[in-house]
Amino acid sequence: MKNSGTSPTPHPLEELVRMDRIPHIWCPGCGTGSVFTSSLSAIKQSGIPYNQFAMVSGIGCSGRGAGYINIDSFHTTHGRAIPFATGIKMARPDINVIVFSGDGDLFAIGGNHFIHAARRNMDITVICVNNLTYGMTGGQVAATTPFRAKSATTAAGNPDSPFNLPLLAYASGATYVARWTMLHARDLADAVQEAILRKGFSFIEVLSPCPVNFGRRNREKSLDTLRNYHENTIIKNGANPAELDVDFGKKVVLGKFIDIDRPTCDEMYRKMYWPQPETDEKRKTG
Amino acid sequence: MKNSGTSPTPHPLEELVRMDRIPHIWCPGCGTGSVFTSSLSAIKQSGIPYNQFAMVSGIGCSGRGAGYINIDSFHTTHGRAIPFATGIKMARPDINVIVFSGDGDLFAIGGNHFIHAARRNMDITVICVNNLTYGMTGGQVAATTPFRAKSATTAAGNPDSPFNLPLLAYASGATYVARWTMLHARDLADAVQEAILRKGFSFIEVLSPCPVNFGRRNREKSLDTLRNYHENTIIKNGANPAELDVDFGKKVVLGKFIDIDRPTCDEMYRKMYWPQPETDEKRKTG
Amino acid sequence: MKSHVLTGEHFINGDEACAEGAIAAGCKFFGGYPITPATEVAEQMSVRLPQVGGTYIQMEDEIAAMTSILGAAWTGVKTMTATSGPGFSLMMETVGLAVVTETPCVVVNVQRAGPSTGLPTQGAQGDMMQARWGSHGDYEIIALAPSSPQEMFDLTIAAFNLSETYRTPVFIMSDEIVGHMSEKVIIPDARTIKTISRTKPTGRKDRFKPYQPGPNGVAPMPAIGDGYNVHVTGLTHDEKGYPVMSVDTQKEMMDRLLGKIRNNRDDIIMTEEYLLDDADIAVVSYGVSARTAYTAVEQARQNGIRMGLLRLITVWPFPEDKIRALSKRVKGFITVEINMGQISREVQRCAGTVPSYLAGHTGGAVIPPDDVLKIAKEALA
Amino acid sequence: MKSHVLTGEHFINGDEACAEGAIAAGCKFFGGYPITPATEVAEQMSVRLPQVGGTYIQMEDEIAAMTSILGAAWTGVKTMTATSGPGFSLMMETVGLAVVTETPCVVVNVQRAGPSTGLPTQGAQGDMMQARWGSHGDYEIIALAPSSPQEMFDLTIAAFNLSETYRTPVFIMSDEIVGHMSEKVIIPDARTIKTISRTKPTGRKDRFKPYQPGPNGVAPMPAIGDGYNVHVTGLTHDEKGYPVMSVDTQKEMMDRLLGKIRNNRDDIIMTEEYLLDDADIAVVSYGVSARTAYTAVEQARQNGIRMGLLRLITVWPFPEDKIRALSKRVKGFITVEINMGQISREVQRCAGTVPSYLAGHTGGAVIPPDDVLKIAKEALA
Amino acid sequence: MATETIKKEVIVTGFGGQGIVLAGKILGMAAALGDKKESTLVQSYGPESRGGACCAQVIISDRTIQYPYVKTADVLVCMSQSAYEKYKDQVRPEGFLITDKDLVNPDGRRDFLDIPATRMAEELGRKMMANIIMLGFVTAVTSLISEKAARDAVLSSVPKGTEEMNLKAFTKGHDYGLSKLKGREKKAAGQTGAIA
Amino acid sequence: MATETIKKEVIVTGFGGQGIVLAGKILGMAAALGDKKESTLVQSYGPESRGGACCAQVIISDRTIQYPYVKTADVLVCMSQSAYEKYKDQVRPEGFLITDKDLVNPDGRRDFLDIPATRMAEELGRKMMANIIMLGFVTAVTSLISEKAARDAVLSSVPKGTEEMNLKAFTKGHDYGLSKLKGREKKAAGQTGAIA
Amino acid sequence: MKYWRVPLDSGEIQITKGVVHIIEERCKGCGYCIEYCPREVLAFSNKFNAKGYHPPLVKTEDCLNCHYCELLCPEFAIFSEAAIG
Amino acid sequence: MKYWRVPLDSGEIQITKGVVHIIEERCKGCGYCIEYCPREVLAFSNKFNAKGYHPPLVKTEDCLNCHYCELLCPEFAIFSEAAIG
Ligand SMILES: Cc1ncc(C[n+]2csc(CCOP(=O)(O)OP(=O)(O)O)c2C)c(N)n1
Ligand SMILES: Cc1ncc(C[n+]2csc(CCOP(=O)(O)OP(=O)(O)O)c2C)c(N)n1
Ligand code: SF4
Ligand code: SF4
Ligand code: SF4
Ligand code: SF4
Ligand code: SF4
Ligand code: SF4
Ligand SMILES: [Mg+2]
Ligand SMILES: [Mg+2]
């Protein structure tokens, strides 16, 4: 007999999942679940106690992430995960704050918060599930939708060009910038872990299929998308951020692009504004 | 007798100024008036009829610009000059739309609109009066305030780092990016004229003193600031956008950094969505 | 030139009908941002506008969407956006700018159950007071409430006409149920559709004052490029459009702004009455809830209860006089609405000592007619 | 540890007093964005917070400012922001999130004359209805209206206490005049200042439900890091905090949210009465206008008119019962407020057939006492 | 049935992604545009794009329909077990229950008509046309809408390029329905084929 | 003046940037904290940071002040011509008008007291201390606040490091006021020096 | 092509022998685990789960406990453990 | 240092003779024109304008009509024209 298909022990990530909310809402073939799994795995591997984490999401399919992780988790308003996370971080610098949200959430309505948090080097980890569209509302054009791609509001193709997200992150001041696809599950988990363990604003873009609302309109089944991720990507750590456009016609560059040291917002604030040692004490009781 | 100090002919820009609103609200030594004058001069020199222009401002001292120019001009809400300009441009692509506003307006509350308009290569000219602070509300810290500089809300100095605006513009997709100071009045006028005459999203950052609310707190009289503009700047056209931090400790780099061709948002939209020649006709009567 | 109005009978949902109404009204610009359950308005406009030489642009958020339609409106075209609760909240600052700059535009709110993210796919009528009071400061607003896809079509045209007539933003306060409900929608021949466009100025350009009211209290409105060199500001301004920071100018401006709505209430307010003449109970309702109310009235009559319906097609400005008049002859008011008491408070305000009841709930579904009947029976007991 | 409360007598303006009140109440986090005439609250907090081990952060806009204080509130600290009309409008979506997630926080609106940019340096009370209805969907809110710098101090403490007691955002609806007015402010000894902090949960962590109400209808609130693994969402949620897209859950949640305010009105509502017992005319007012009203009452009495004052310290929830009770014995109500009729509509709603007048105007200055007297004379004529 | 107004109420229900709303839409459209009756369609669905519960309610009448919701249906169409469980009591005693044979396992407490619509669609190579097959079936076994109206409505509702395939699917379902009816008629002669 | 409550109303007015509000604030503070009276200060100003019209209104009383605005002042202090033009009629007949000698040219229709405060400040090398000089003058020539209260209020209102300089400015204004009063007393013996 | 992950991981992941567990009711049948298992251990089964999907089955004993399916699966429906012995 | 603009402009701007006009009532006395005139044509006057500022006066006839003061002045208070003759 082959190895059993049914499970005697629980899935190793169950301790980190609100199992009473599974199945999640993500469609069959949706990559969000994969990105989420890699992220949980990184949290587990980091060895940091779970109550020293908080996850914050905005609104969107990916934004449901916060609803499934079994740590303190916040499903906020559309686009506002980062300022919510900023509030947490500045009030409790010892908490590891992870933002898990979508491209629409973080870069359409939420773009301003992103660039400002990066500028301040806010010590949070931002994981962006980039499925090139607004999945949840049915696949309208996003700031990440490729030029000429079809969407629910660009029937004749997207007339605009998308952001190069790593470049934008870098230009805004992010001190850690990486891009993976959900297929690069282990690299992704490693990147998330690295981002958690370091200080500073860390941004990880994760390409991920939305077969239902993006793939369908662009004649791409989810396994086609994954094939793209496999065949038409190339890993170039330290690549020039200016050369990171997502264009599967050429190769899409993956890897860790930026990893620099710069004082974080909370560090500098404490340094410049809490000269008295006693205040650190106070904060704890505060 | 010396040349007369009183004026027999009107000031040559008066045709472009709502003279019934002069004196303007800008303080003695405020650079906004200088930036404004250079901009008007560029409009005049462009040779384009004045009714083919629209100026849009947000809220702030610089945002009052739209209130003084004698063309169709719009003083909108804080941070929203660019989406207002976008509406004008997309509905009337033949109008030259100039956004004249402040660093706080364009890059604090309005940052998201800026990066998206740049991404789309919206065919507008954005002139940012960067006085390193929120002048109008009394000099609070802005996203452009230098690290450690004093402000009304950072008595012990700014703990955060400012944006490198040309880099941000470039990373977002701007196709023309330049930086001058108000002292470089002629270069500035030339840049504005060039930006008006070309197609695409053009961004001109103009360093400008706010002696009252920034200078005062940082022990800098307006003539000190101008001396800085003179002595501690260096013109490097085509400089690497990543090396354009504003730090008068080192030299601040001025010049035209980016000037590339890329289809504009309205061009692409018409190309992809108005295949029928008749629609162009319709638009005119519409 | 061939008409782009889709004359004929269609079986479409309210959102789509709204978009067709906009096209029929001559809308040429839509600034959108997707949100359930209003997304279909944007999607339909993204397809239809290019066909009529118009422009659809999806902005980066609702604030930008709302702002873009103001900019576009000043080029002389009719403009629109559509959203739901969360986006409506975000638009509120810009709504104030639209009011104060007297910029015509139409804003559709396909309401879902709030507050906050709430029940995104389920209907409610919880933003009715927000429509009136959601932006800071005093102002008057026009808001229409369609009860069917056909009315989504008809009232969208009416909204554009009111907006152009009064140079003011007009809200279409729909709801998820009407927005997603499909019914037969009859689109008439384009030539029979009455559309109104803003008055353009005619006099000397150098003496023109963009806020000097015409006979109906509304100033003619030039377009960008017409050579009037207008200045437009959200600051308190005089008739020239120039900012003047004085209490007197504020009063002049506000009197004009409030007056053009208040003094034209008769033209703006649309209501429909059903069996009200002999009614003991006046049911007041609007939007999808009016369908409940209508059914309840029929059932009540079958039960021997003299109930009648006042359906508000225009919700804002609120038809105070109608309620005041009714309060002289009915024994009670029941407001049927999917919220915890919003328009019912207005009814109460105007009802004097006549009791005013609410048939409402917290949202996510329509009010069942039985609820109304039950309240009526109690009221008359 | 030395107290950081500045016990003693100060001559400071309302904005500064508000900041001192926040410090005295134990506020430890302020997310700010400058706007006239509220900027001084932020400026003062930027200086004072580091002195008490707190954090001031200036966010990129008001939406971010408001959102940041919610995030910070969930770390267990007391948080605050301050703004004026335009920023208040922008905060409205997030206010809904605060309400629904039951996140305590204090939002100060130092009102200026709107709508839109309006008269930025001049006072008004035009955002009162917005405070109640500005976010989409149904909700209840608490709003206090200070009439002096001393009350800016006192009511800021009260606002924090109410906010912590009821796990809800509380608004301080001030105005430019009170915000920029300087008067003597007495700050008592820290030990005599009553401050309330949210109840923390105690039971088993694995069985904890963050929205299971305690005796006063309010659930205990854990902090991030306490190990309760809470999930917090703006979607309709059950007591566990989990999203449940159902009409029943919506009703349960809303009943709890509305109930905790409605059922505790007696605890929340603060009013002050002056010469009301024998009054023919009840003047209703709040904030700076109450000072006009008070003066008018004195002048009226000198003129032999029996006028009394009901000053609303709590404006929301509105003290309906008080007005209803008064309507049984007065001949008329005059609401004094710097707007075109906001709270006066609420008075009218509860006044039955007793006439309700407005002594108001379009903003930019206080109401002169004479205006009130004139109306009173007309009302009694 | 002999009320003054003829009013038929239908519930179509299943998972998100099965085309439930489209089926309802075609039903309503056929009634309104083809058969010149009044009809309304309302829908309810969850936040999920796929797999959540989904329900379309159609009322067909010869006079204006005000209240658009169905309390108890004349026809209940179930395309998933969970939908069946949820709605099975919302059908009139004299009404009809129609199910996808492979996806729904009725509890047997009442009569029903079934069709393996999903399996038939898979056989056609178009799993997502199960709804159209079901529609053909419903058209055949009920008197809700006329066949011509139904076909016209299918034509104008499906994406360009897929018309033919969809009509084929419709026919499959319709044929299946007709033969099913025949079988029934045989079983219980005297009952009219049109069941609602 | 013999009303039951003693109430003094003051208007200080000039350009933005002249420190008008600070002068008002010190006045109010001196009354409230030093002289233990009730006082209120309200301000009005425009959007300009510099050069716009600016006005501070102070009421000093021995009982609670409700309505905080001044209709007609007991003391009107004008530091610019435009402010003078705007407010010149808002002073009581028996009240006093005080001006900056170089910046205001009164129309002569009433008596006034003036001091070249700006010029004196320029002489001190601190143009922005004209307001404090004016305050010293006002303290000397009116009975609004006591000198000690005024000096204490100056001390706690001005930026750290500038206390001494400001006190010096105050003294200059105060001395000027005292000598001015003396001159007046000589001219019109019998009138008390304290004018409001 | 199926083995593309192996070179990347082989340095890091010790080649051990594993047993893969499938929690069938959670599976939504995306096929990712099947397609990308470096050892082609998995295949679609014929059975339907309650949601109507075909969960994978284990067709060979070659699982090397690389956990890749575990990380990739969007549904927490599959994971591997070291084989005992 | 005063002449720093000259090299930059000298290529473009024809060296002509100019006359500079000052609209004194508009001046807010920032001194920019005075400080940065490449020919040091200007100086502060002693008189006050109505706003209380000292407008510049023309102290030499060296104006080369470079328009720089015109562009730099924030107040539209100064401009140059070609000298006639
Ligand atoms: C203020 C506001 N505007 C719009 C929406 C509607 N909305 C919900 S999710 C979403 C887009 C989400 O896109 P993305 O972040 O890319 O997530 P995805 O669904 O693609 O994972 C939008 C526009 C909303 N909830 N709130
Ligand atoms: C929504 C909103 N928030 C805040 C303000 C207050 N405000 C007015 S101007 C301004 C800052 C302007 O800064 P900037 O754009 O740099 O212009 P500057 O005054 O420095 O020229 C702010 C915050 C406002 N008017 N509206
Ligand atoms: S709609 Fe797209 S993004 Fe959303 S769950 Fe489905 S596949 Fe994923
Ligand atoms: S405050 Fe600053 S920016 Fe504003 S006008 Fe004065 S100097 Fe210029
Ligand atoms: S762990 Fe999973 S992916 Fe790796 S070999 Fe075993 S079955 Fe394949
Ligand atoms: S990856 Fe998970 S959901 Fe997909 S087929 Fe394998 S077990 Fe099923
Ligand atoms: S134009 Fe002006 S700057 Fe140039 S030389 Fe003449 S005075 Fe000097
Ligand atoms: S630049 Fe203009 S404002 Fe400044 S001193 Fe010269 S003329 Fe006066
Ligand atoms: Mg997305
Ligand atoms: Mg600025």
Side-chain angles (χ1 to χ4, degrees), chain A residues 79 90 106-122 141-145 147-148 150 153-175 240-242 244-245 258 262-275, chain B residues 79 90 106-122 141-145 147-148 150 154-175 201 240-242 244-245 258 262-275:
Chain A
M90 291 305 285
L106 290 166
F107 291 100
I109 192 167
N112 203 32
H113 310 306
F114 181 90
I115 61 176
H116 281 268
R119 172 175 69 78
R120 302 183 207 268
N121 200 22
M122 190 59 58
V141 69
T144 45
T145 305
F147 183 50
R148 291 195 179 278
K150 298 251 171 29
T153 46
T154 57
N158 182 11
D160 295 331
S161 296
F163 281 129
N164 169 343
L165 295 182
L167 175 61
L168 184 63
Y170 161 69
S172 309
T175 49
N240 178 352
L244 299 176
D245 288 310
I258 304 287
R262 184 155 79 79
T264 65
C265 184
D266 64 282
E267 277 169 10
M268 278 315 300
Y269 187 79
R270 281 202 302 283
K271 203 159 153 184
M272 293 172 68
Y273 285 83
W274 293 3
Chain B
M90 291 304 285
L106 290 166
F107 291 100
I109 193 167
N112 203 31
H113 310 305
F114 181 90
I115 62 176
H116 280 269
R119 173 176 68 79
R120 301 183 207 268
N121 199 21
M122 190 60 58
V141 69
T144 44
T145 306
F147 184 52
R148 292 195 180 276
K150 298 254 172 24
T154 56
N158 182 12
D160 296 330
S161 297
F163 281 129
N164 168 342
L165 296 181
L167 176 60
L168 184 64
Y170 162 69
S172 309
T175 49
F201 186 87
N240 178 353
L244 299 176
D245 288 309
I258 304 286
R262 183 156 79 79
T264 65
C265 183
D266 65 281
E267 276 169 11
M268 279 314 301
Y269 187 80
R270 280 202 304 282
K271 202 158 154 184
M272 293 173 69
Y273 284 83
W274 293 1

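Within every chain, numbering begins at 1; the chains are lettered A, B, ... in the order of the sequence lines, protein sequences first and strands thereafter.
- Rounding to the nearest 0.5 Å gives a distance of 8.0 Å between CZ of B:F107 and CD1 of A:I115.
- In plain terms, the two heavy atoms of B:A108 and A:N112 that are nearest each other are O-ND2, 2.6 Å.
- Two residues are said to be in side-chain contact when any heavy atoms from C-beta on lie closer than 4.5 Å; A:S161 and B:M268 fail this criterion.
- A distance of 10.0 Å separates OH in B:Y269 from OG1 in A:T154, rounded to the nearest 0.5 Å.
- Interface remark: A:N121 contributes no atoms to any contact with chain B (heavy atom separation under 4.5 Å).
- Using a 4.5 Å cut-off between heavy atoms, A:P263 makes no contact with chain B at all.
- Residue A:D160 forms a side-chain contact (heavy atoms from CB on, under 4.5 Å) with just one option from B:R119, B:M122, B:H116, and that option is B:R119.
- The choice from B:G173, B:P162, B:A143 that makes the most heavy-atom pairs within less than 4.5 Å of chain A is B:A143.
- Under the rule for a side chain to side chain contact (heavy atoms under 4.5 Å, CB included), the partners of A:P241 that lie at least two apart in sequence or sit in another chain are A:L167, A:Y170, A:L244, A:I258.
- For A:T264, no part lies under 4.5 angstrom from a heavy atom of chain B.
- Here the side chain of A:Y273 pairs no donor or acceptor atom with the backbone of B:P159 at under 3.5 angstrom.
- Residue A:R148 touches chain B through both its backbone and its side chain, counting heavy-atom pairs closer than 4.5 Å.
- Considering only residues two or more places apart in sequence or on other chains, B:A174 meets the side chain to side chain contact (heavy atoms under 4.5 Å, CB included) condition with B:A118, B:A169, B:V177, B:F201.
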